[in-house]
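This report concerns only the one structure given below.
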Amino acid sequence: MVLIKVAQARAQDQAVSSAVRWGMLIDTTKCARGCNVCVKACDVENGLTGHGRPETDSQWIRKVQLRDTQTGYVQSLPMLCQHCEYPPCEDVCPTGASFRRADGIVLVDKHICIGCRYCMMACPYKARSFVAEALDDQKPWSPRGIGTVESCTFCVHRVDRGHQPACVDACAQADHGAMVFGNLNDPSSEIAKLIAEYDSSEVRPDLGLNTGVRYRGL
Amino acid sequence: MKQKIHFRELEGRSPGYWGLVGLLATILAIGLAAAHYMESNGHYVTGMTNQIVWGIPHVFAVFLIVAASGALNVASVASVFGRAPYKPLARLSGLLAIALLVGGLTILVLDLGRPDRLIVAMTHFNFKSIFAWNIFLYTGFLAIVAVYLWLMMEPRMSAYSKPAGFVAFVWRLTLTTGTGSIFGFLIAREAYDSALMAPMFIIMSFSFGLAIYLLVLMAAYRWSGRPLGDAILRRLKNLLGVFVAAVLYFVTVFHLTNLYMTAHHGVERFILLDGGIYTKLFWIGQVLLGGLVPLALLYHPSLGKRRGWIGLSAALVILGGLAQMYVIIIGGQAYPLDLFPGKQVSSTFFDGVVNTYTPSLPEIALGLGGVALALLIVVLAIKVLRFLPESLEDALVEPEAAATAVAVPVGGAHQA
């Protein structure tokens, strides 16, 4: 069966615009404990091969397990760059390497990142990783390099071609469907409808960063 | 009639002098080799991780940058506040300020993930970033103090040194505000997010900078056999005492402010009570050895007049300052980010746990290399230019004090 969706991507020669705000809704009630397919898909898609050193290896998306200290309720959810509307990483970056695209995707320009790691100090979500050793066999669409900071790109290379981030596809293929990606500014998009219909929240809403990633059941 | 102060270069031919130069150059070379090692292998060879992203090099670098601003104190007291006895001390103050800043910035740059992109940092600016402001504040400080020094050292221009001193004074306050704000504006981390960071860093700069100044002054005069009076030392050590007390005051207010907010009790408990190395460094390193002990020594009726004890106090203030930086910079990162209040968190990315950090040898070597660079600049500069007065004996610096002085026990400095 071939699934055909209406492409929300722009033409390749067309600049991104703020008419689009890419976002992700994660339904924590559907996110299976112990399931790691989103993390694996991200690693494969973006060429994140670790060196067996978890403290310095990059992680763009991670599964976080939560246990409510009052009720004992346990849940699991994926954490990734929250693609803030007001990203603290962009604020502090001295060279402007950390930046937010007009369509809401927060990225690092690896050509002008000096590796000061101030953005990592400023990110409330611990979403960024520093490439602490030399890499080889990088994916051409996912530029990464020693001495620079990196984080989830919402798979911008796929999004720009009308596809979904790899993690979202993997979650759907695993029949969990806990991740929905789309244009928050388009009222007819699935994500906009879900967000309008059901309660969802940001992580650390007190910081007022208006994140592009929202969670249900948090 | 008051005698004129004569400035003269150090002769700098003794084996002791060249031995000192050799020692500092060796430490610097080891520091550069360490930076090269980290640069060619990547930061995984350090103790830094994706959780503790600023390690011991930042402790040294921020300490030196903060101290650089404070080292200018003595010159400011002379130029801005017009205190005549401090005037002969002003040139060394400016020199030390430049040297410490260069040492600190060198560490900072060599600890970047991409130090080869320094030119990028100098050509691409995000003007909302406090780091970007600091690039201007640091380079501006170097330029202003260099001009200030020139105005002081060129007799025909010395009339302009007072306004230059004023500009330098305002600039250094701004600079340290910038350095403190690097941390104070980090809303994500509970240990940092406080407007008190900037004024606390300013008063820390007064204290650390003056402690280094005192040690360098005493060493320079002792080792070169030049006379250094007790009256001027007494002024400096009393001033140091005031600054040390002020740092303790700010630290107290900082923690009381945090303790007032119940949401911050976790991080306060971590630093003050059960944070292991950070708690020990806070109470023993920063408060006791870096604060209370030097305060007691500096104001002790007899020990406070002995040079050895004054020197020890200054050294303790420096060690306490490094401990304080360690607690602020690394302790602040070790405490886990609170992403989900009220929930226990765990992940493969060390969520919800106290992050561990062990400084590696190359990191420590890089930090010490920066210190050595700063001191090497001072040692070489006082040989080639007239930074130091030939004599700082009481009769020259403080004729009134010398006339009324009672005999006080002194260490070996006078005999050197």
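Within every chain, numbering begins at 1; the chains are lettered A, B, ... in the order of the sequence lines, protein sequences first and strands thereafter.
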*Side chain, backbone, both or neither: which part of M122(B) has a non-hydrogen atom closer than 4.5 Å to chain A?*
neither

*Identify which part of S58(A) has an atom lying under 4.5 Å from any heavy atom of chain B, answering side chain, backbone, both or neither.*
backbone

_Most chain A-contacting option - heavy-atom pairs closer than 4.5 Å, from L108(B), I130(B), T348(B)_ = T348(B)

*Measuring from K63(A):NZ to S346(B):OG, what's the distance to the nearest 0.5 Å?*
11.0 Å

*Closest approach of T69(A) to G342(B) (non-hydrogen atoms, all atoms of both residues)*: OG1-O, 2.8 Å

*Is the shortest heavy-atom distance from the side chain of F340(B) to the side chain of L77(A) under 4.5 Å?*
yes

*Choice from D351(B), I135(B), V345(B) maximising heavy atom contacts with chain A below 4.5 Å*: D351(B)

*Counting N and O atoms only, with roles assigned by atom type, does the side chain of N126(B) sit under 3.5 Å from a partner on the main chain of V92(A), one being a donor and the other an acceptor?*
no

_Portion of D206(A) that has a non-hydrogen atom of chain B nearer than 4.5 angstrom_ = neither

*Highest number of heavy-atom pairs under 4.5 Å with chain A: which of I52(B), T46(B), V45(B), T49(B)?*
T49(B)

*When rounded to the nearest 0.5 angstrom, what is the spacing between SG in C113(A) and NE2 in H124(B)?*
12.5 Å

*Any idea which of S98(A), A122(A), S76(A), C116(A) has the most non-hydrogen atom pairs under 4.5 angstrom with chain B?*
C116(A)

_Interatomic distance, F349(B) atom CZ to M79(A) atom CE [nearest 0.5 angstrom]_ = 10.5 Å

_Looking at every heavy atom in both F131(B) and P94(A), which two are closest together, and how far apart are they?_
CB-CB, 3.6 Å

*Given that the side chain runs from C-beta out, which part of L186(B) has a heavy atom under 4.5 Å from chain A: side chain, backbone, both or neither?*
side chain

*Structural part of F127(B) lying under 4.5 Å from a heavy atom of chain A*: neither

*Tell me, for E90(A) versus chain B, whether the close heavy atoms (under 4.5 Å) come from the side chain, the backbone, both or neither.*
backbone

*Keeping the roles fixed (side chain from R117(A), backbone from V53(B)), state whether a donor-acceptor pair exists under 3.5 Å.*
yes

*asked:* Is K126(A) close to chain B through its backbone or its side chain, or both, or neither, when contacts mean heavy atoms under 4.5 Å?
replied: both

*Count the heavy atoms belonging to other residues, nucleotides or ligands that lie under 6.0 Å from NE2 of H36(B), then report whether that count exceeds 12.*
no

*Under a 4.5 Å heavy-atom cut-off, does chain B meet the side chain of R53(A), its backbone, both or neither?*
side chain

*Examine whether an atom of N41(B) lies under 4.5 Å from a heavy atom of chain A, and if so say whether it belongs to the side chain, the backbone or both; otherwise answer neither.*
backbone

*Of the backbone (N, CA, C, O) and the side chain (C-beta and beyond), which part of T123(B) lies under 4.5 Å from a heavy atom of chain A, both, or neither?*
neither

*Is it the case that more than 12 heavy atoms not belonging to D274(B) sit under 6.0 Å from its CG atom?*
yes

*asked:* Below 4.5 Å, heavy-atom pairs only: which of C123(A), C93(A), P88(A) has the largest tally toward chain B?
replied: C93(A)

_Check this for me: K110(A), atom NZ, are more than 12 non-hydrogen atoms of other residues, nucleotides or ligands nearer than 6.0 Å?_
yes

*Measure the spacing between CZ of R117(B) and CD1 of I112(A) and express it to the nearest 0.5 Å.*
9.0 Å

*Quick one: does Y118(A)'s side chain have a donor or acceptor within less than 3.5 Å of a partner on I182(B)'s backbone?*
yes

*Counting heavy-atom pairs under 4.5 Å to chain B, which of D68(A), V74(A), D57(A) comes out on top?*
D68(A)

*Measure the spacing between CD1 of I114(A) and CG of D116(B) and express it to the nearest 0.5 Å.*
10.5 Å

_M120(A) side chain near N50(B) side chain, heavy-atom distance below 4.5 Å_ = yes

*asked:* Once rounded to the nearest 0.5 Å, what's the spacing between atom CZ of R204(A) and atom CD1 of I187(B)?
replied: 8.0 Å

*State whether the side chain of T95(A) and the backbone N or O of A121(B) hold a donor-acceptor pair below 3.5 Å, judged by distance alone.*
no

*Against chain A, label D111(B) side chain, backbone, both or neither, depending on which of its atoms sit under 4.5 Å from a heavy atom there.*
both

*Identify which part of L339(B) has an atom lying under 4.5 Å from any heavy atom of chain A, answering side chain, backbone, both or neither.*
both

_Part of H51(A) within contact of chain B (heavy atom distance under 4.5 Å)_ = neither

*Determine, using ring centers only, whether H43(B) and F130(A) are less than 6.0 Å apart.*
yes

